[in-house]
Participant: 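Please see the structure below; I have some questions.
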Amino acid sequence: MNKERNDHGQRVGQVKEVTSLVNPIIKDIRALSQKKHRDETHAFMAEGLKLVIDALDLGWKIKTLVYAKAAKGKPQVEQVAARTVAKGGLVLEVSEKVISTVTRRDNPQMVVGIFEQRYRALKDIQPQEGETYVALDRVRDPGNLGTIIRTADAAGASGVILVGETTDPFSLETVRATMGSVFAMPIARASAEDFVKWQKSAGVRVVATHLAGSVDYRTIDYRSKPVVLLMGNEQAGLPVELARQATALARIPQAGRADSLNLAIATGIMLFEARRHLLSLDGA
């Protein structure tokens, strides 16, 4: 018999029924709303059966599966529970009150997965022909970051690089905004100095959006080299030291009274332009 136990003394592979909000395992899961706890445990939460299935299919390590009693007996839920047990994870069957507290929602998803965080080392990223990466300098808004990760996935980008002190890609708000793309899109972290060193040796074309940009983003060569789209902070934009290292400083032409675009919108525009020559409708 497998005697291995987790941090709570629970036997690995065991299904446990939980109805109390003060259960230590539930308290630990609820604490994942705090970045400090996520950093200490290297864990994060994802809501929804489809997201959990996608994560498992993509090889992410699941630590705990939580499902509401109302979901018990559903074939897909039972299959996910069996996969979690097979991978040495803990399975919790909980009341709807408990799962509402865990997700901080009045109408929560019936299934929640706790996964191990995963970052890709910047030094291991060696861009190839036809690849596009997004580099974000000090992005602050979780919704923006999540939307950008989702958009990068949709556009067929190869990864997102977080430069400097950014919002946490594994916060509940960011993960929700990715709509599951957090599991499909490799994420790397780097200081501004390390990013500059990497870009010089990576053989990439760095295209940065900047208010001082003199080049129309639609006229840039996105074909001859792998491309890194460098986007600045929501309020301050790109610092001078990063802007001067870019291959091209681009600008998106605008009309009307608005003097700027939302970061996620601007990134989406840049992404689909950079990859326009690589994208087509199925059957076209």
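Predicted model, so just to flag it, every value in this text is computed and none were measured.
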Participant: Could you pull out all residues at least two apart from Tyr217 that satisfy ring pair (Phe, Tyr, Trp, His ring centres under 6.0 Å)?
Facilitator: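 Residues passing ring pair (Phe, Tyr, Trp, His ring centres under 6.0 Å) with Tyr217: none at all.
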Participant: Going by heavy atoms in the side chains, are Val102 and Met45 under 4.5 Å from each other?
Facilitator: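 They are in side-chain contact.
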Participant: Honestly, is Arg189 close enough over Tyr119, meaning NZ or CZ under 6.0 Å from the six-membered ring centre and within 45° of the axis?
Facilitator: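 Yes, Arg189 and Tyr119 form such a contact.
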Participant: Taking all non-hydrogen atoms of both residues, which atom of Ile53 and which atom of Val80 are closest, and how far apart?
Facilitator: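 Reported closest heavy-atom pair: CG1-CG2, 3.5 Å.
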Participant: With clusters built from Ile, Leu, Val, Met, Phe, Trp and Tyr whose side-chain heavy atoms come within less than 4.5 Å, directly or transitively, what are the remaining members of the cluster of Trp198, listed by chain and number?
Facilitator: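 Same cluster as Trp198: Leu122, Ile125, Tyr133, Ile161, Val163, Phe195, Val196, Val204, Val206, Val228, Leu230, Leu238, Leu242.
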Participant: Taking all non-hydrogen atoms of both residues into account, name the closest pair between Ile220 and Arg205 and its distance.
Facilitator: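 Looks like CG2-CD, 4.4 Å.
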Participant: Would a 4.5 Å heavy-atom cut-off, applied to side chains only, mark Leu92 and Ile29 as touching?
Facilitator: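 Touching, per the 4.5 Å side-chain cut-off.
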Participant: Mind listing the closest non-hydrogen atom pair of Arg120 and Ala188 along with its distance?
Facilitator: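 Looking at all heavy atoms of both residues, the shortest contact is O-CB, 3.1 Å.
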Participant: Could you list the residues that satisfy salt bridge (charged side-chain N to carboxylate O under 4.0 Å, His left out) with Asp153, not counting sequence neighbours?
Facilitator: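 Testing Asp153 for salt bridge (charged side-chain N to carboxylate O under 4.0 Å, His left out), a comparison that skips the adjacent residues, returns none.
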Participant: Please report the interatomic distance OG(Ser191) to NZ(Lys197), rounded to the nearest 0.5 Å.
Facilitator: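 That separation rounds to 7.5 Å.
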Participant: Run the side-chain hydrogen bond (donor to acceptor under 3.5 Å, both in side chains) test against Asp39 and tell me which residues pass, sequence neighbours left out.
Facilitator: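 Partners of Asp39 by the side-chain hydrogen bond (donor to acceptor under 3.5 Å, both in side chains) criterion, ordered by chain and then number, come out as Lys35.
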Participant: Nearest 0.5 Å, please: how far is CD1 in Ile62 from CG in Leu90?
Facilitator: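 So the gap between those two atoms works out to 10.0 Å.
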Participant: Report yes if the side chains of Asp216 and Pro253 come closer than 4.5 Å at any heavy-atom pair, otherwise no.
Facilitator: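 Touching, per the 4.5 Å side-chain cut-off.
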Participant: What salt bridge (Lys or Arg N to Asp or Glu O under 4.0 Å) pairs are there with at least one residue in residues 127-137, not counting sequence neighbours?
Facilitator: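 Non-adjacent pairs meeting salt bridge (Lys or Arg N to Asp or Glu O under 4.0 Å): zero.
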Participant: Going by side-chain contact (heavy atoms from CB on, under 4.5 Å), name the residues that satisfy it together with Ala236, two or more places apart in sequence or in a different chain.
Facilitator: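 Per chain and number, Ala236 pairs via side-chain contact (heavy atoms from CB on, under 4.5 Å) with Arg138, Asn233.
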Participant: Does the side chain of Met185 come within less than 4.5 Å of Arg150's, by heavy atoms?
Facilitator: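 They are not in contact (no side-chain heavy atoms under 4.5 Å apart), so the answer is no.
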Participant: Could you list the residues that satisfy salt bridge (charged side-chain N to carboxylate O under 4.0 Å, His left out) with Arg275, not counting sequence neighbours?
Facilitator: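 Arg275 satisfies salt bridge (charged side-chain N to carboxylate O under 4.0 Å, His left out) with no other residue.
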Participant: Who passes ring pair (Phe, Tyr, Trp, His ring centres under 6.0 Å) against Phe115, sequence neighbours left out?
Facilitator: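 Phe115 satisfies ring pair (Phe, Tyr, Trp, His ring centres under 6.0 Å) with Phe183 once adjacent residues are dropped.
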Participant: Anything under 3.5 Å between a donor and an acceptor, one on a side chain of residues 260-273, the other on a protein residue two or more places apart or in another chain? List them.
Facilitator:
from   : atom 1 : to     : atom 2 : distance (Å)
Asn262 : OD1    : Ala264 : N      : 2.8
Asn262 : OD1    : Ile265 : N      : 3.1
Asn262 : ND2    : Asn144 : OD1    : 3.1
Thr267 : OG1    : Leu263 : O      : 2.8
Glu273 : OE1    : Arg276 : NE     : 3.3
Glu273 : OE2    : Arg276 : NH2    : 3.0

Participant: Would you mind listing every side chain to side chain donor-acceptor pair (under 3.5 Å) that reaches into residues 241-258, with sequence neighbours excluded?
Facilitator: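 Residue pairs passing side chain to side chain donor-acceptor pair (under 3.5 Å), neighbours aside: none found.
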Participant: For residues 65-79, run the donor-acceptor check on the side chains, cut-off 3.5 Å, and write out each pair with its distance to 0.1 Å, sequence neighbours left out.
Facilitator:
from  : atom 1 : to    : atom 2 : distance (Å)
Tyr67 : OH     : Glu93 : OE1    : 3.2
Lys69 : NZ     : Glu17 : OE2    : 2.7
Glu78 : OE2    : Gly73 : N      : 2.9

Participant: Can you find a pair of side-chain heavy atoms, one from Ile25 and one from Val18, that are under 4.5 Å apart?
Facilitator: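 No - every pair of side-chain heavy atoms lies 4.5 Å or more apart.
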Participant: Any side chain to side chain donor-acceptor pair (under 3.5 Å) pairs touching residues 51-61, not counting sequence neighbours?
Facilitator: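 As it turns out, the side chain to side chain donor-acceptor pair (under 3.5 Å) pairs with a partner in residues 51-61, which skip direct neighbours, are Lys50-Asp54, Asp57-Arg83.
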Participant: Heavy atoms, side chains only, cut-off 4.5 Å: are Pro108 and Glu47 in contact?
Facilitator: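 Counting from C-beta outward, Pro108 and Glu47 never come under 4.5 Å.
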